[in-house]
Amino acid sequence: METAAEKAVAALLSEAETAHGAYETNVLGGAFDEEWPAWYATYLLDHGLSDRLPGAQSLDVPSLTTMLTQLAADYEQGDKAGPWQDVYAQRIVAEFRQRP
């Protein structure tokens, strides 16, 4: 069952995907952004991830970059139980539920 927090985070990830595609096209001239996790982390935090995810107020770009890098590796290695945004959102929300 998808929670409201998971839906909100997945929607923000989809928004980031669209913005990142435009960044790769317009700024990088169509080149693949090797530093995409840091770009996404910055975008997510600048666009209200902390508002959508209780407990994430202390989250910073380096730690979110690390989390996104690991999520991507896990997803590519077979954790493809759904669209990447949904899988990442479930894992991100679960991570913050486990924190004190």
Query raised in the report: Within the distance-only criterion (no hydrogens, no angle test), does the side chain of D86 pair as donor or acceptor with the backbone N or O of G82 below 3.5 angstrom?
Result: no
Report task. Please list, chain by chain and in numerical order, all residues satisfying side chain to side chain contact (heavy atoms under 4.5 Å, CB included) with Q85, sequence neighbours excluded. Result -> A10, L13, S14, E17, P83
Query raised in the report: Passes side chain to side chain contact (heavy atoms under 4.5 Å, CB included), V9 versus E6? Steps please.
Result: CA-CA 5 Å; V9 172; E6 290 169 353; 6.0 Å; no
Query raised in the report: Please, which pairs that meet ring-ring contact (aromatic ring centres under 6.0 Å, His included) have at least one residue in residues 7-28, sequence neighbours excluded?
Result: H20-Y23, H20-W39, H20-Y40, Y23-W39
Enumerate donor-acceptor pairs with a distance under 3.5 Å from any side-chain N or O in residues 64-73 to protein atoms, sequence neighbours excluded.
residue : atom : partner : partner atom : Å
T65     : OG1  : V61     : O            : 2.7
T66     : OG1  : P62     : O            : 3.1
T69     : OG1  : T65     : O            : 2.8
Q70     : NE2  : D74     : OD1          : 2.7

Query raised in the report: Minimum heavy-atom separation for D60 to S63, with atom names?
Result: OD1-OG, 2.5 Å
Show the atom names and distances, to 0.1 Å, of all donor-acceptor pairs under 3.5 Å that link a side chain in residues 45-57 to residues at least two apart or in another chain.
residue : atom : partner : partner atom : Å
H47     : ND1  : Y43     : O            : 2.9
S50     : OG   : A56     : O            : 3.3
R52     : NH1  : H47     : O            : 2.8
R52     : NH1  : G48     : O            : 3.3
Q57     : OE1  : G55     : N            : 3.2
Q57     : NE2  : S50     : O            : 3.3

